[in-house]
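All remarks here apply to the structure that follows.
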Amino acid sequence: MAHGVSASRGRLGVLVRLHFLLTWRPQKRGGASDWAGGLLLVLLASLVGLMAFGVSFGMTMAASDKPAVQELVLWAGAGVLLLFYVLMGSMAETVAGGIDVSLLFHYPVTQRDMVLSELIARIAGPASFPGLGFFAGCAAGGLWAGRPALALAALLALLIWLVQANLLMMALDYALFHIRRSRRFGEALALAGSALFVGLILLQNIMAQHAAGASSQGVALSVPGWLSAAGRVLVPLAPLLPGASAASWIVGGWAVIPRAGVAGALIAGLFAADRLLLMRLAQSGAVESGRRPAGRAVDRHVARGRRRVDRFLPWPFFVKDLRYLARDPLLRTSLLSIVALPFFVVFIINEPSGLFAGAWFQHFGFLLFLLLALSRFATNNLAIERSGLGLVLGSPVPRWAVLAGKNMALMALFLCLLVVPMGFFVWKGMPPAEAGATVLTALATCAVYLGLANLLAVLMPVPVAPRGRRLMPQVSGGVMFLLGLLNVAVVAATEIALLPLLLGRLAFSDAPGPVAGLLLALAGVLYGLVLYLLLLAWASRLMERRESAIYEALVRGS
Amino acid sequence: MDENPQGARVSRASGEAVRFDALTRRFGDRVAVNGLTLTVNEGEFFGFLGPNGAGKSTTIKMATGLLRPTSGSIRVFGLDPFTRPMDVKGRIGLVPEELALYERLTGFEALTFAGRLYGLDETTAKQRAMDLLAWLGLEEDGGKLIVDYSTGMKKKAALGCAVIHRPRLLFLDEPFSGIDPLALKGIKEVLQQMVREGVTVFFSSHVMELVERLCTRVAILHRGEVHAVGTLAEMRANLGLAGDATLEDVFVTAVGEPIGGEEAAWLTE
């Protein structure tokens, strides 16, 4: 029998099958019978797809006599879906369908086959369902309204969108995979990305004002007016943007040809970029370097300390987690990236419609942005240290202290993020008492959010590494999708739990004066603190009961 | 080694399996491999010995096309692994130190998958997967997910994935840690049999006894440089050691003084 094999045969089918299996196979170990998990995932993804279908179908139907609006729905939907895709990806570390390609590098498989198989698997993955639902809804709406051309355009847009969006996400994943190799490169990339992001927001703001004919002081436009103005600026750019370009050629006529050409060129460019990035990755020694640094032991000097603060049980964990978050190159890179978010808040406050300058936004809207930024570290917080968690779980420390220490570290990050928008509000003339009340409300919100996030971290510990690192081989793409959805659900639950406080602040925002506002905010903090302590007690009790399951999920085999 | 084991050993050698010429790899300021020049012949059971951080894994990654060298060249069966990666990867098998396994596949699925990636047809891949599971003592666990395997079982599965296509050259990076003695004996016998049939094994380890017992020739690597290379007898002679010196004696002489001393005296107080 001959040694070795011919290396030229295509392995595409085998790779697609692998991707599919690892995306849809349930997370639970040891049970071939646990296909219920996979079925649940299918149902959940279908539900999201159906919702998207309903929205786009309804919007297309409602504008049955306005073809221009129908087309706007289509291309705006393509853009919004791409944003959703990126958001889901950043919250669940990778969009469903991604597997650890570094495990394939020593096999005789071409980069072309790797990219193609991952693309096919991502298109067939759960994260594609919202896109499928949305474009199918547009197509159905078009047919219903007697516009078969729109239906055809929507279906073609679906195909182009799925390919472009997935190739783009893959390029991001491959590029980010590199950054752990070099701290400086990672940080430079994060800073450049942040600067680009802020610059684009600023540019969009200026262009929207210019298109609306507004003066430099800004004019309060209506929301539809603002959308229309932004549309006038962004529609011409749409053919050049991955994702949005999918729907940009629905203008019909001869213009279709160059626009379809641009969409095709984008696909070819992204595919080539994916192959190149993967090639670089394959020759960077990535197979072994996915290993995460071990968790740090609690500093014995801190543990033995005689100062009062050292005797506070969560303190060593707070110090450790803060160091861990600050020292890990990728976590640090992520933190630098999300520094862009407060800037985003600052700039959208300046937008001409005044939509984000209202009381609702100053009272809780911006908190939503900050919580979303924090969510990637908070809702799966036990997984951050992976194998180091073995040390924590083996220590004779009450579990509430472990969780509280982590929460304190995250709260410190939250406070850093809070500084920028609060500084801006004060600079814009917010009275100090109201600013104080807003900070107190923010702290209460963050505390409740962290309390809920603890529950999710204990109930669903997923062995994932920060985005761009090696995806842990035990995790299915479907579970990542589910984790992303649950992250959003925790943020939503936080807002619901704090509704009494937020509504109270809105209701009394004018009447009782600054001191009364502060008192109200203090009452809110008390409410948030009590809620947090209850949630912490619940989570720590759950953690004690689920300790072996958490160890199995996060530590063993890490 | 020279006293040893393999019988036919290098006798089937028909050429060079691997050749490194002035191979260097830097990670920033740190030099992991420094001007390594070494040849491994076909049919050798070659031991690559060195302490932690010596550059063994880095060298293997470069030889298998997984890490570009900073300078120098590598030839595997005369081919450059970076210009002809598919040809090289199709001829070699690799068991990396950090096992490259999809843990949510069953053992049987993982082996079949590896076989298919190496170009075997479905029927052959499945048949070989069954045979390998039996050889590795995993036949009863073939239907379990790999995530439920012990460390030793994972090592066995990784070994199965690396040999399913009958490679001409097998790179083993610390392959035997965590494997029980019974299975270890069986695996060693099969590896020795493979070597007798002309397969080259490039075996990286820091376990002296294993290397001494299995390997026909050894290179001792320290801080990225080769400090000694040859059969045990050749190295003894080169280093001026007595005829009964063990590989450990050779290693310590070649590398320098053993690590340890007064730093942690409190441990034994």
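By convention in this document, chain letters (A, B, ...) are assigned in the order of the sequence lines, proteins followed by strands, and residues within each chain are numbered from 1. Since this is a predicted model, take the numbers as computed values, not measurements.
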* Given the rule in the side chain to side chain contact (heavy atoms under 4.5 Å, CB included) test, do Phe113(B) and Leu104(A) qualify, once you have shown the distances and angles that lead to the verdict? -> CA-CA 11 Å; Phe113(B) 167 69; Leu104(A) 296 171; 3.6 Å; yes

With a cut-off of 6.0 Å (strictly less than), are more than 12 heavy atoms of other residues, nucleotides or ligands near [atom1] of [X]?
| X | atom1 | result |
| --- | --- | --- |
| Arg546(A) | CZ | yes |
| Met279(A) | CE | no |
| Arg84(B) | CZ | no |

* Looking at Met86(B) and Thr110(A), what are the two nearest heavy atoms and their distance? ->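 That would be SD-N, 3.9 Å.
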
* Nearest heavy-atom neighbours spanning Arg11(A) and Tyr118(B) ->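 In this case the closest contact between Arg11(A) and Tyr118(B) is NH2-C, 3.3 Å.
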
Give, as side chain, backbone, both or neither, the part of [X] having an atom under 4.5 angstrom from any heavy atom of chain A.
| X | value |
| --- | --- |
| Phe171(B) | neither |
| Ala114(B) | both |
| Leu105(B) | both |

* Between CZ of Arg280(A) and CZ of Arg68(B), what distance do you get to the nearest 0.5 Å? ->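 It comes to 11.5 Å.
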
* To do: Find the distance between NE2 (His165(B)) and OH (Tyr107(A)) and round it off to the nearest 0.5 Å.
  =>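 Result: 9.0 Å between the selected atoms.
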
